[in-house]
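Data first, discussion second: the structure below is written as structure tokens.
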Protein chains: 2
Amino acid sequence: MTKLSSDRLPDDERTLLLLGLLTEQDRHGYEINDFIERNLEAVIRLKKATAYQLLARLEEHGLIESRAEAQGQRPTRRVFRLTEAGRAHFQHLLLGHLPRTEALIPEGNVPVMFSEHLPPAVVLAALRERLAGAEEQLAAAQAASERSPCTSSVGLALERILWLSRADRDWLRAAVARLERELDTAAVR
Amino acid sequence: MTKLSSDRLPDDERTLLLLGLLTEQDRHGYEINDFIERNLEAVIRLKKATAYQLLARLEEHGLIESRAEAQGQRPTRRVFRLTEAGRAHFQHLLLGHLPRTEALIPEGNVPVMFSEHLPPAVVLAALRERLAGAEEQLAAAQAASERSPCTSSVGLALERILWLSRADRDWLRAAVARLERELDTAAVR
DNA sequence: ACCATATTAGTCAGTTCTGACTATTCTAGA
DNA sequence: TCTAGAATAGTCAGAACTGACTAATATGGT
């Protein structure tokens with residue numbers, strides 16, 4: 001079906017995600033990708049093409065199975081369902097992943113690191129722009145978090161993103177404030 | 001020299017990093033990789049093999065140039081130096097990257113999202129383990145941040161990681177506390 | 001005297017990811 | 001009645017990344 005390169009299954013969050021989504025109900029490809037795009041955009045990065053390749057591999061390994069579901073005129077859906085083996089593997093993966101502390105390495109550090117090579121006024125403008133973006137993300141995270149209660153697991157994960165987004169914004173605010181002060185005192189002299 | 005696949009240069013933080021490191025001084029391959037491994041581990045993920053491939057491409061594009069430097073018995077070093085074009089491109093990249101607000105998508109969300117599928121006691125134990133890891137990372141970030149003053153650009157970037165690490169730890173603490181309470185009240189009945 | 005680790009410099013096969021692309025049908029609006 | 005866009009389902013070539021590997025010397029500790 002799709003090009004399948006290796007014989008091992010990747011032991012990463014993406015695999016866990018697909019299995020997890022199928023734990024709750026059977027879904028067809030479009031549904032899965034649409035769900036991820038709509039609701040999980042902030043939670044994980046998983047592109048359509050990658051998802052299809054992963055699904056093919058999961059099926060190859062007998063963790064999921066698919067049946068065709070005719071749709072009248074529309075292209076036939078492939079509906080995926082978790083097998084028993086898949087359900088077991090999901091539990092196994094979950095147990096392995098949950099306690100793992102992943103290093104928190106956000107993007108966007110490198111340009112900051114070299115910002116001394118730019119005039120302070122330019123840096124200030126750039127950081128302000130970033131701050132605006134960060135405020136937006138925070139608002140989005142807030143909205144998402146409010147939609148599902150933090151007592152549920154999903155809410156818990158969303159809350160994590162909320163906290164991290166807030167920290168990022170606060171850091172940016174502090175940085176902007178510091179730069180403003182520096183520029184001010186420099187201007188006064 | 002190395003397999004070079006595309007003719008375009010990637011416009012990402014890795015490229016910016018390599019150019020940036022060479023802005024400050026000429027360096028040879030081992031030095032670059034060693035520096036990244038030692039000091040920038042928390043800032044960005046860039047593997048040795050990738051770095052060499054990138055360096056080859058940068059040279060191909062005339063942004064850097066290399067000279068061989070004999071070392072007596074030891075294998076000859078290749079020392080890289082930024083060209084004028086490279087310096088210009090660095091400034092250009094920096095200007096493009098600095099204002100960019102990258103989506104903050106940390107790893108480790110997915111397992112949390114599905115933690116309802118595990119018994120609460122197991123989840124609690126797992127989160128405690130994660131908390132221990134997070135404390136360690138926070139301590140490391142703290143130490144790194146204290147070593148360079150936050151008035152410098154590098155210090156600024158390190159401070160960001162510090163804030164984010166703290167937020168992550170705090171979130172974990174809150175989550176653990178909540179779970180403990182829940183388990184307690186469940187036990188009382 | 002010997003072993004483990006650091007210094008130094010890469011290479012490569014195999015794996016994974018992504019952007020761009022192809023089709024068809026349905027639906028709401030102009 | 002057209003038409004633009006969403007729904008639907010993927011595929012594929014090419015780009016990128018990584019783990020594992022090779023080599024030779026130096027050096028510090030036991």
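Here is the naming used below: chain letters follow the sequence lines, and residue numbers restart at 1 for every chain.
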hbond_proxy A:Q53 side chain to C:dT15 base (donor-acceptor, 3.5 Å cutoff): no

Name the closest nucleotide to the A:Y52 side chain, picking from D:dA16, D:dA9, D:dT18. D:dA9

B:H28, nearest nucleotide to its side chain (from C:dA9, D:dA9, C:dC12): C:dA9

Would you say a side-chain N or O of A:T50 is under 4.0 Å from OP1 or OP2 of C:dC17? no

Among B:R166, B:R130, B:R128, B:R169, which residue meets the salt bridge (Lys or Arg N to Asp or Glu O under 4.0 Å) test with B:E135? B:R169

Ignoring the backbone of A:K48, work out which of C:dT18, D:dG10, C:dG10 is nearest its side chain. D:dG10

For A:R67 and D:dA9, give me the distance from atom CZ to atom P, rounded to whole Å. 12 Å

Taken to the nearest whole Å, CD1/B:I36 to C1'/C:dT8 is 16 Å

Length of the CD1-C1' vector between A:I32 and D:dT8, whole Å: 13 Å

Looking only at the side chain of B:R57 (C-beta and beyond, no hydrogens), which of the listed nucleotides D:dA16, D:dC17, D:dC12 gets closest? D:dA16

Going by atom types alone, do B:T101 and A:Q137 pair a side-chain donor with an acceptor below 3.5 Å? no

Whether A:R78 contacts D:dA9 is assessed here as follows: a side-chain N or O lying under 4.0 Å from the phosphate OP1 or OP2. Is that the case? no

Centres of the B:H117 and A:F90 rings: under 6.0 Å? yes

Flag for A:D168-A:S165: side-chain donor and acceptor within less than 3.5 Å: no

Please determine, for the side chain of B:D12, which listed nucleotide (D:dC17, C:dT7, D:dT8) has the closest atom? D:dC17

Rounded to whole angstrom units, what separation is found between the CZ atom of B:F35 and the P atom of C:dA9? 16 Å

Of the options C:dT8, D:dA7, C:dT16, whose atoms approach the side-chain atoms of A:P10 most closely? C:dT16

Identified side chain to side chain contact (heavy atoms under 4.5 Å, CB included) partner of B:L19 from the options B:L94, B:L54, B:I64: B:I64

Between B:R14 (CZ) and D:dA15 (P), how many Å, whole number? 17 Å

Mind calculating the distance between CD (A:E59) and P (D:dG10) to the nearest angstrom? 10 Å

Specify the separation, in whole Å, of atom CZ of B:R77 and atom C1' of D:dT25. 13 Å

Any luck finding a side-chain donor-acceptor pair between B:H97 and B:D12 under 3.5 Å? no

With a 4.0 Å limit, can you tell me whether B:Y30 has a side-chain N or O closer than that to the phosphate oxygens OP1/OP2 of C:dT7? yes

Of A:D34 and A:V79, the one whose closest DNA chain D nucleotide lies more 5': A:D34

For A:R38, answer base if it contacts any base atom (sugar-phosphate contacts may also be present), sugar-phosphate if it contacts only those atoms, and nothing otherwise; contact means non-hydrogen atoms under 4.0 Å. sugar-phosphate

Rounded to whole Å, the NZ-P distance (B:K47 to D:dC21) equals 15 Å

Listed nucleotide nearest any side-chain atom of B:A49, set D:dG19, D:dA9, D:dT11: D:dG19

Over all strands shown, is B:R45 touching base, sugar-phosphate only, or nothing at heavy-atom distances under 4.0 angstrom? nothing

